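Chain letters run A, B, ... following the sequence lines, proteins first and then strands; every chain starts at 1. Since the structure is predicted, the reported quantities are computational estimates derived from the model, not experimental observations.
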Number of protein chains: 2
Amino acid sequence: MTAPEPSWDFYRTFLAVLEHGSLSAAARDLGLTQPTVGRHVDALEQSVGAELFTRSQQGLLPTDAALVLKPYAETLASTTAALLRAASGSRDKVSGTVRISASEVIGTEVLPQILATLQAQYPELIVELSPSDAVEDLLQREADIAVRMVAPAQEALLARHIGTISLGLYAHRSYIERHGKPETIEELRRRHKMIGFDRQTAYIRTMLKRYPMLDGVSFSFRSDHSTALHNALRAGIGIGFYQTPLARRDVSLVRLLPEIELSIETWIVMHENLKTSPRCRVTFDALVAGLLDYVKENDAGGRP
Amino acid sequence: MTAPEPSWDFYRTFLAVLEHGSLSAAARDLGLTQPTVGRHVDALEQSVGAELFTRSQQGLLPTDAALVLKPYAETLASTTAALLRAASGSRDKVSGTVRISASEVIGTEVLPQILATLQAQYPELIVELSPSDAVEDLLQREADIAVRMVAPAQEALLARHIGTISLGLYAHRSYIERHGKPETIEELRRRHKMIGFDRQTAYIRTMLKRYPMLDGVSFSFRSDHSTALHNALRAGIGIGFYQTPLARRDVSLVRLLPEIELSIETWIVMHENLKTSPRCRVTFDALVAGLLDYVKENDAGGRP
DNA sequence: CAGATGATATACATAAATGTATGACGGCAC
DNA sequence: GTGCCGTCATACATTTATGTATATCATCTG
């Protein structure tokens with residue numbers, strides 16, 4: 001009755017099929033062949049006692065059962081990846097791979113510089129940077145180190161509070177030239193176009209909670225992609241929130257309504273048990289130093 | 001240069017070798033043979049580029065590298081186990097396996113009754129109960145449902161606050177007959193023996209913080225094992241803290257110094273994405289109902 | 001409608017992993 | 001010391017898993 005525990009490799013194959021939607025595509029990805037992948041799926045279905053896919057000739061459609069199992073398989077995949085990262089590099093030298101998770105803005109605009117100097121110092125260090133506003137779970141080992149905007153509430157995590165990054169309203173010079181400079185919130189609401197996020201993110205809710213009078217502003221451009229938003233801002237499409245330290249680096253950006261200011265807390269978080277790993281240690285330290293520098297620019301040259 | 005990703009089965013073998021300390025023992029456990037296990041370890045060492053064990057003829061000693069990888073492998077094992085539990089049972093019927101983590105006291109003294117009625121109702125439900133004071137990590141899927149004494153600080157978890165369990169000082173009637181009944185804390189400190197935990201647990205620290213005058217009481221019996229402690233208490237060895245609802249069930253236990261009272265908060269916690277699983281759902285609900293009943297006994301027949 | 005493409009399924013040959021049998025070494029009890 | 005039991009390592013046979021080749025069907029394109 002009790003089927004023997006399936007080969008753990010079946011889970012890898014299962015996940016690949018789930019992600020690619022066909023045996024053939026999964027086989028290409030895994031470096032196997034289509035019959036083998038098919039047999040793996042058969043065997044796994046046998047073991048778990050449930051149909052995982054409804055086969056058709058244009059691919060495989062996952063059943064509900066397969067979707068239930070998907071997050072587990074994803075955990076397996078991220079854990080094996082983390083294991084291999086942990087195994088990479090020796091315990092004395094700074095070498096091997098470290099995976100960093102950060103928000104899109106921080107990851108694309110701030111971290112590259114910091115990591116560049118780090119890698120100059122440690123040429124054998126390989127950095128995987130995952131700029132994403134989806135929170136990757138450190139406990140599930142999706143990343144080794146994370147730059148986060150929420151306080152970590154986890155025992156097993158080593159967290160370092162960096163400070164507060166301030167956000168202000170900015171527009172490109174060219175926008176101001178065409179539309180003028182709003183001097184009051186009322187003007188902003190009535191006569192100007194804003195740039196914002198596509199979804200009601202936690203960030204937006206925070207903004208409205210702090211500045212309820214902003215409710216009802218019209219948006220001319222929405223995107224979930226931070227870089228696209230920033231490029232839209234720089235292209236003069238409209239007015240948007242921008243991290244103050246970043247804005248200072250671009251002289252063509254003009255601060256508007258300086259009384260409006262949001263702030264986000266920043267932490268750097270790492271697994272407790274990675275602190276003995278030299279590559280994670282130095283990366284953590286470099287991120288701390290670099291981001292402390294970054295938040296310092298909040299007020300540099302600010303109201304004198 | 002880049003070794004191909006090792007078979008995920010190697011991790012399972014690796015973990016078994018780590019746990020059993022020898023190729024042969026691991027092979028027996030896995031239902032493989034010793035040469036196969038040896039080859040798996042060889043292959044994994046090749047893949048990660050590090051020695052994992054120093055071989056000797058009385059077994060294999062894990063290297064530092066192996067110890068670094070151990071927690072990852074353990075995560076893999078618990079995840080695969082959770083995956084199989086998730087796959088067990090259909091989505092309509094209450095069947096399959098659910099794994100519950102709880103403290104030793106709750107797990108041994110309180111839950112069996114609750115689970116008995118649950119299983120009478122759902123004969124196809126299989127319950128795995130892990131009574132342990134080590135916190136099993138729900139995010140790592142070591143358990144499906146946990147009864148916890150600390151507030152869960154995790155987004156992805158569905159938590160239900162049960163209430164407060166009160167703890168009081170109790171002794172068995174036979175102890176009182178022999179040593180008398182302490183009427184003051186001073187008497188307790190000077191003339192009585194207490195039963196307590198072996199280590200300085202968080203619980204002990206809480207106690208001393210709340211009742212600093214208890215510092216310096218002498219202990220006649222210490223153990224990390226809650227059941228052993230309670231049996232010692234019932235055997236009349238000494239005075240100890242006991243959960244009030246439990247003590248009420250045993251008429252031979254006498255409450256001492258009723259002004260001394262500790263309380264522990266109780267939560268029931270489950271994965272967010274398990275709430276669609278009928279077996280987890282009904283188990284969760286049964287635990288909630290049963291433990292709400294249990295904490296109600298705190299004050300039943302209390303100070304009138 | 002014909003033909004190219006991409007999908008799964010099956011039959012068969014091959015390569016790879018596993019098991020069996022055995023040897024060598026070390027600890028432990030008597 | 002001797003016998004016994006445990007360990008790992010190696011050589012060889014066998015089973016198992018995998019790859020190759022092919023058939024069949026669906027979809028899209030011209």
Problem set entry | CZ on R85(B) to OG1 on T80(B), rounded to 0.5 Å |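 It is 9.5 Å, given to the nearest 0.5 Å.
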For this session: Enter the distance from T13(B):OG1 to R39(B):CZ here, rounded to the nearest 0.5 Å.
Result: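 So the gap between those two atoms works out to 11.5 Å.
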Problem set entry | Short side-chain N/O contact from R55(B) to OP1 or OP2 of dC25(C), under 4.0 Å |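 No, outside the criterion.
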Quickly work out the [X] [atom1] to [N] [atom2] distance and round it to whole Å.
X	N	atom1	atom2	answer
D29(B)	dT7(D)	CG	P	13 Å
L52(B)	dC8(D)	CG	C1'	17 Å
W8(A)	dA17(C)	CH2	P	19 Å
R28(B)	dC5(D)	CZ	C1'	11 Å
F53(B)	dA9(D)	CZ	P	12 Å
L61(B)	dT7(D)	CG	P	15 Å
Q46(A)	dA17(D)	CD	C1'	16 Å
D42(B)	dC8(D)	CG	P	12 Å

Exercise. In residues 17-26 of chain B, which residues come under 4.0 Å of DNA chain C by heavy atom?
Worked result: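 Close to the strand, none.
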For this session: State, yes or no, whether a side-chain contact exists between L44(B) and Y11(B) at a heavy-atom distance under 4.5 Å.
Result: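 Yes, side chains in contact.
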Donor-acceptor check, side chain of [X] to backbone of [Y], threshold 3.5 angstrom: yes or no?
X	Y	answer
T63(B)	E51(B)	yes
T79(B)	Y72(A)	no
Q34(B)	L23(B)	no

Problem set entry | Residues which pass salt bridge (Lys or Arg N to Asp or Glu O under 4.0 Å) with D64(A), listed by chain and number, not counting sequence neighbours |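 Applying salt bridge (Lys or Arg N to Asp or Glu O under 4.0 Å) to D64(A) gives none.
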Exercise. Going by heavy atoms closer than 4.0 Å, what residues in residues 31-41 of chain A are next to DNA chain D?
Worked result: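 Output list: G31(A), L32(A), T33(A), P35(A), T36(A), R39(A), H40(A).
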For this session: Taking all heavy atoms of R279(A) and all of V282(A), pick out the closest pair and write down the distance.
Result: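 Closest heavy-atom pair between R279(A) and V282(A): O-CG2, 3.4 Å.
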For this session: Start with the C-alpha gap between R12(A) and D9(A), add the side-chain angles, then the distance that decides, and say whether salt bridge (Lys or Arg N to Asp or Glu O under 4.0 Å) holds.
Result: CA-CA 5 Å; R12(A) 170 167 54 184; D9(A) 283 331; 3.0 Å; yes
